[in-house]
Structure formats: C-alpha cells, structure tokens
Q: 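One structure follows; several queries about it will come next.
Every chain is numbered from 1, with letters handed out A, B, ... down the list of sequences. Values reported hereafter were calculated over all heavy atoms of this structure, with side chains retained and with hydrogens, waters and symmetry mates removed. The structure displayed is predicted, hence computed values, not measured ones.
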There are 2 protein chains.
Amino acid sequence: MRLTRAAEYAIRCMVYLAKRGKGLLTSRQEIAQRAEIPGHFLAKIAQDLARAGLIEIRQGAKGGFVLLKEPAAISLLEVVEIMIGEIYLNDCIARPSTCRVSYSCAVHQVWMKARDQLRTTLSEVSLEQLVREESCIAPSRGPCPGLEGTDGDPENIPEANSV
Amino acid sequence: MRLTRAAEYAIRCMVYLAKRGKGLLTSRQEIAQRAEIPGHFLAKIAQDLARAGLIEIRQGAKGGFVLLKEPAAISLLEVVEIMIGEIYLNDCIARPSTCRVSYSCAVHQVWMKARDQLRTTLSEVSLEQLVREESCIAPSRGPCPGLEGTDGDPENIPEANSV
DNA sequence: ATATATAAGATAGATAAAGTCCGATATAGA
DNA sequence: TCTATATCGGACTTTATCTATCTTATATAT
C-alpha cells in the first residue's frame, strides 16, 4: 500500500520542470542529477509523461524535456495516476468480480469512500502550489529566499532536510 | 497502492467471526470455506491476528478461532494494519531519510494529509457496523438498497491496471 | 558528417506477495 | 493412555511486480 518509486520520481521530475516553468527545455541529465533520479529510469518515466501529454521530449543534441501545461493546471493526482494507473486501493473496487463474497458490500462502501477521499486530496494539489510552497525550505540560504533560484548554480544539489 | 490479499482475507475472517459473535469458536475450515480463503493461508493470517490479541486460536480436535473482543471495539484500520503494518502510502513518510530532495517538503505535507485521512476513515468503521450493514446484501449482484450514501459516481471500471 | 542526447524495447536482479507443505504440538474422546 | 483430529509455526515454492540497466536505433545542433 505505498507509492511506487517510479511515481515518486515522476513527481520529482514534474515539480522540477514546473519550477523551471512551462515551455522551458531542461536536459534529462540535469533533472536526473538534481532530482536524484536514475537517468535511464527517468527516460522511461518521461515516456509515460509524454504519452499523457504533460511534457514534450526533444531528441538530439541539446535535447531534453519541456513542460507543456501550466503548473497550476497539473494536479498531483494526475501525475501519480499516469504512473500507477487509477488509484483504487482495494481489488474489489477495480474488479467487482472478485467481490462475490457475502461480506463484501459494507466493506466495499468503506473502500470506495477511502479511495474517493484519497483521489480528491491528491487532485486538489497542483504543481504550482508545490513549487510555491516548497520554496521555503531552500537548502542553505536562510529561511525563505523567495521564488528565485531556478537558474543559477547547477552544481549545488540542494539537500533539504525532512519535515 | 492496493491492499494485499492477506489483509483482504483477514477482514473477511474477522467479519465472519464478528458475525458469529465474541467468544464463539469457529473452525478454521468453516471460515476458509465460507469466506473463500485458502485454508493454509488463513492459518498463517490467523497467527498474526492472534498475536495482536484479536482472536484466540484453539488447537486440537474441535479447534478453531475465537473472537476475543467485541465487534464494536475492533476497527477496520486495526485489522488492516495488523496485516500490512502502519499505513503510510509514501516511503518518504515512513523513512524520512529518503526525503532529502529539495522538492520534498510540500509533497510530504500532502502525503501526510492523505495518509491521515485514509487512516481516519478506516478507523471509523467497526466490525460491528460491517456485520450490521452487510445484512442487506443478497449473495447475487445488484445494488445495495440502503447503502448508496457516500458513493458518488458509479464509475467506469478501470481494467487491471497497476495500482 | 560527427558528436551529443534521447527513444524504445528487452532483460535481468531484487523484492514482495501469495500460496503450499510438513513435522510439531495440542485437544477431545474412546 | 492412545488415537484421530485440527491447528501451529516456519520453511519453502511460485508468481508477480518493481526497479534498474543495457542495447540498438533515431533525432538534432553545429
């Protein structure tokens, strides 16, 4: 009952791209390094994101990924479900055929409610929000350095501590 | 991001025992057959439930399982977490050490909220409720007469995608 | 043309889930 | 006490999925 790593990486990638802004090209390697994602794995994940229309992938020298939508228009739920499919929590929600046992109905209702809540919570958060809010945990430059800091030192990998 | 089968079976087993009532002995075989749980697998699951103090296991001829607590005193969350451990949804909640990346903070908050909501929802449902409510379900399919309550959309069934 | 960078599919390794098997142990009843 | 019955408890097998990497192919800038 936990998020897959691929989905976790996809979120990191999308937040990173959102931080750069819509339409800006960023190389796969930069994202991989800065967001701590295995490079080849990121390539695969990006394909899913591209198929879903969130990013565009540019091949060739100076290639990379480009965010296609406004960060405010992309929800966390969207990113997650691109990677792991629609959230349902319990098999009996996705495949009612496995739900023939007499006990099922009441339990079923609970899982439906839980699933709806979870999806709602994730859908209410946009990448724009995430980018804006996380700015206050900037690594080594004091409390809240504002919204800047997206371009600049590519070498300094931020090491924010846990919440 | 889905419940394990062991947890699903544990719920079935506990609901079945709850239906019989506290203190009543029921053979493993009866439960296995009626709740459609592989017999040996149920034995293993029962050990976890017994270790957690929910049931007592009686060995020997005429052995079986006995519910030790009132159905109203056992929540769905309790049963689930005995089987799969504490729900956390995202690794970064369980192991903050994996959460060093700069993006983490805001996303972290969302997963915390989602986890809390999910655990609350599951904790608010007792076995007693489940036993009482499921009485309305006929073994065959079809809607549950009185339970349409919180369940918004009929929803298309997502095919066996990965969650 | 060449160097650079990603595409796309195949595949391998690791991890976890799901289910099975068997010797050990406990109990009821003769 | 002895025997049949039923679960214990752990080891084991199987299966599935996740995670990551490798390889060949393709696209682009210069």
Side-chain angles (χ1 to χ4, degrees), chain A residues 1-13 17 25-33 35-52 55-67 80 82-85 87-92 94-95 98 154, chain B residues 1-13 17 25-33 35-52 55-67 80 82-85 87-91 94-95 98 160-163:
Chain A
M1 191 99 113
R2 57 178 251 280
L3 200 65
T4 64
R5 213 161 281 249
E8 174 75 12
Y9 290 154
I11 296 170
R12 289 190 199 175
C13 172
L17 285 173
L25 182 135
T26 312
S27 78
R28 187 187 73 180
Q29 286 189 356
E30 176 184 337
I31 300 170
Q33 282 177 10
E36 298 187 21
I37 306 170
H40 287 97
F41 203 8
L42 175 56
K44 206 171 168 187
I45 290 164
Q47 286 166 32
D48 290 333
L49 297 172
R51 248 189 300 275
I55 66 173
E56 178 195 329
I57 300 176
R58 299 239 180 97
Q59 282 197 4
K62 307 228 170 172
F65 309 148
V66 177
L67 188 63
V80 168
I82 285 170
M83 299 310 299
I84 68 173
I87 290 172
Y88 54 86
L89 294 183
N90 189 330
D91 272 354
C92 81
R95 297 192 294 263
T98 66
Chain B
M1 192 102 110
R2 58 177 251 279
L3 200 65
T4 64
R5 213 161 280 249
E8 174 75 12
Y9 290 153
I11 296 170
R12 288 189 199 175
C13 172
L17 285 173
L25 182 135
T26 312
S27 78
R28 187 187 70 179
Q29 287 188 357
E30 176 183 338
I31 299 170
Q33 282 176 9
E36 298 186 22
I37 306 170
H40 287 98
F41 203 8
L42 175 55
K44 206 171 167 186
I45 290 163
Q47 288 165 32
D48 291 333
L49 296 173
R51 249 191 300 274
I55 65 172
E56 179 196 330
I57 301 177
R58 298 240 180 97
Q59 281 197 4
K62 306 224 170 176
F65 310 147
V66 177
L67 188 62
V80 168
I82 285 169
M83 300 310 299
I84 67 173
I87 290 172
Y88 54 87
L89 293 184
N90 189 330
D91 272 353
R95 298 192 297 262
T98 65
N161 215 336
S162 63
V163 174

Q: List the atom of Met83(B), the atom of Asp48(B), and the distance in Å for their closest heavy-atom pair.
A: CE-OD2, 3.7 Å
Q: Hey, is Arg58(A) close enough to Glu56(A) for a salt bridge, meaning N to O under 4.0 Å?
A: yes
Q: With a cut-off of less than 4.0 Å, is there a side-chain N or O of Tyr9(B) near OP1 or OP2 of dG19(C)?
A: yes
Q: What's the separation between atom CD1 in Ile55(A) and atom SG in Cys13(A), rounded to the nearest 0.5 Å?
A: 5.5 Å
Q: Under a 3.5 Å distance rule, please check whether Arg12(A) uses its side chain to pair with a backbone N or O of Glu36(A) as donor and acceptor.
A: yes
Q: Just the rounded figure in Å: distance from C1' of dT5(D) to CD of Glu30(B).
A: 17 Å
Q: What is the separation between atom CE on Met1(B) and atom P on dA16(C), rounded to the nearest whole Å?
A: 17 Å
Q: If I take atom CD1 from residue Ile45(B) and atom CZ from residue Arg5(B), how far apart are they, to the nearest 0.5 angstrom?
A: 11.0 Å
Q: Tell me the interatomic distance from Asn90(A), atom CG, to dA17(C), atom C1', rounded to whole angstroms.
A: 15 Å
Q: Give me the atom names and distance for the closest heavy-atom approach of Ile31(B) to Phe65(B).
A: CD1-CD1, 3.6 Å
Q: What is the distance from atom NZ of Lys62(B) to atom OG of Ser27(B), rounded to the nearest 0.5 Å?
A: 11.0 Å
Q: Measure CZ/Phe41(B) against P/dG10(D) and give the value in whole Å, please.
A: 16 Å
Q: Supply the atom-to-atom distance Arg2(A) CZ to Leu89(B) CG, rounded to the nearest 0.5 angstrom.
A: 11.0 Å
Q: Take nucleotides 4-14 of chain C nucleotide by nucleotide from the 5' end and write B, S or -, depending on whether a protein heavy atom sits under 4.0 Å from the base, only from the sugar-phosphate, or from neither.
A: BBSSB-B----
Q: Can you tell me how far the NZ atom of Lys44(B) sits from the CD1 atom of Ile37(B), to the nearest 0.5 Å?
A: 14.5 Å
Q: How sharply is the helix from dA1(C)-dT30(D) to dA30(C)-dT1(D) bent, taking the axes over five pairs at either end and rounding to 10 degrees?
A: 10°
Q: Which whole-number value in Å describes the distance from Ile45(B) CD1 to dT7(D) P?
A: 14 Å
Q: Just the rounded figure in Å: distance from P of dA27(D) to CD of Glu56(A).
A: 14 Å
Q: Check the distance between dA17(C)'s C1' and Leu3(B)'s CG and give it to me in whole angstrom.
A: 12 Å
Q: In this structure, how many angstroms lie between the P atom of dA16(C) and the CZ atom of Arg5(B), rounded?
A: 19 Å
